[in-house]
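To start, the structure under review is shown below, and the notes come after it.
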Amino acid sequence: MVSLTKIYTRTGDDGTTGLIGGGRISKGSLKVAAYGEIDELNASIGVCQSFLMEENETKVCKALTIIQNELFDIGAELAAPANTSQDTNYAVTPSHVKRLEQWIDAFNSPLPTLASFVLPGGSKSNAHLHVARTVCRRAERTITLLQEQEPVSPDLFQYINRLSDLLFVLSRHVLHTKNVPEHLWVPGASRPSS
């Protein structure tokens, strides 16, 4: 377990950061960007949790708490030096991906079929779940770029891809449970009439 007795170390004052298991790299590297965006995603999900707790969405909160722990594992996996054997406690496995798919199916099944894209909003939790979804997509893009420099687990890719899908479904779920209508995108609706 991690023990933080001192918050500042001054070791990063030169623009580098330490990797799990040793070694230092630039804070501007793609690797640091990848696990930094996973950290941002985790924080964004924490904001979602605060609104979901107010709305008594306990099932959603429980799922998101599990996901937050798994995102720390993913961050640790990405923060290890390339070609280092990882502790299996950190590894994302197909069972993690399968559980996300089961949650997607369970939360999606009562929702009406979409005939258009949806606009974020309608409730605070909906809007913040959409923010988390877009952070997740950005993290996925950065991890894809990182994969061009060093190996990244295919299960990790699948997990992040499914997570953005789950966040989308949850954004719809929170409106549906409160009978709040979704705002649908109407192409060209904002064009002034001539």
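No hydrogens, no waters, no symmetry mates; every other heavy atom, side chains included, goes into these values.
- Residues passing the side-chain contact (heavy atoms from CB on, under 4.5 Å) test with N42 are Q68, L71, F72, sequence neighbours excluded.
- Heavy-atom minimum distance, R162 versus I104: O-CD1, 3.5 Å.
- E54 and K124 are not joined by a salt bridge, as no carboxylate oxygen comes within less than 4.0 angstrom of a charged side-chain nitrogen.
- Interatomic distance, C61 SG to I66 CD1, rounded to the nearest 0.5 Å: 11.5 Å.
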Quick one: side chains of residues 107-118, donor-acceptor pairs under 3.5 Å with protein atoms, not counting sequence neighbours, listed by atom name and distance.
{"residue": "S109", "atom": "OG", "partner": "A106", "partner atom": "O", "Å": "3.3"}
{"residue": "S116", "atom": "OG", "partner": "W185", "partner atom": "O", "Å": "2.7"}

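- Contact record, I160 with C136: O-SG, 3.3 Å, taken as the closest heavy-atom pair.
- Inter-residue side-chain proximity for L100 and I67 is flagged as met; some heavy-atom pair is nearer than 4.5 Å.
- The heavy-atom pair separating T93 from S95 by the smallest distance is OG1-OG, 2.7 Å.
- Applying the ring pair (Phe, Tyr, Trp, His ring centres under 6.0 Å) test to every pair with at least one member in residues 120-162, sequence neighbours left out, gives these pairs: F51-H128.
- Using a 4.5 Å heavy-atom threshold, the side chains of L156 and L78 count as touching.
- For the side-chain contact (heavy atoms from CB on, under 4.5 Å) test, residues two or more places apart in sequence or in another chain that qualify with A139 are E37, I38.
- Although no hydrogens or angles enter the test, the distance criterion places no donor-acceptor pair under 3.5 Å between the side chain of D39 and the main chain of Y35.
- Expressed to the nearest 0.5 Å, how far CG of D155 lies from NZ of K98 amounts to 13.5 Å.
- Rounding to the nearest 0.5 Å places CG of L166 at 10.5 Å from NE2 of H173.
- When the shell of 6.0 Å around NZ of K178 is examined, it contains more than 12 heavy atoms from other residues, nucleotides or ligands.
- Counting only residues at least two apart or in different chains, salt bridge (Lys or Arg N to Asp or Glu O under 4.0 Å) contacts with residues 110-120 are absent.
- You'll find the side chain of L163 reaches within 4.5 Å of the side chain of L41, heavy atoms only.
- Minimum heavy-atom separation, A132 to C48: CB-SG, 4.0 Å.
- Closest heavy-atom contact between L175 and G122: CD2-C, 3.7 Å.
- Atom CD1 of I143 and atom CD1 of I74 lie 7.0 Å apart (nearest 0.5 Å).
- Under the side-chain contact (heavy atoms from CB on, under 4.5 Å) criterion, N161 pairs with R137, E140, D165, not counting sequence neighbours.
- For the atom pair CD (E55) and OG (S50), the distance works out to 9.5 Å, reported to the nearest 0.5 Å.
- Using a 4.5 Å cut-off on side-chain heavy atoms (C-beta onward), E77 and S153 make contact.
- To the nearest 0.5 Å, atom CD of residue E57 and atom CG of residue L170 are 8.5 Å apart.
- Of all heavy-atom pairs between V174 and S125, the closest is CG2-OG, 3.5 Å.
- Between L64 and L167, some side-chain heavy-atom pair lies under the 4.5 Å cut-off.
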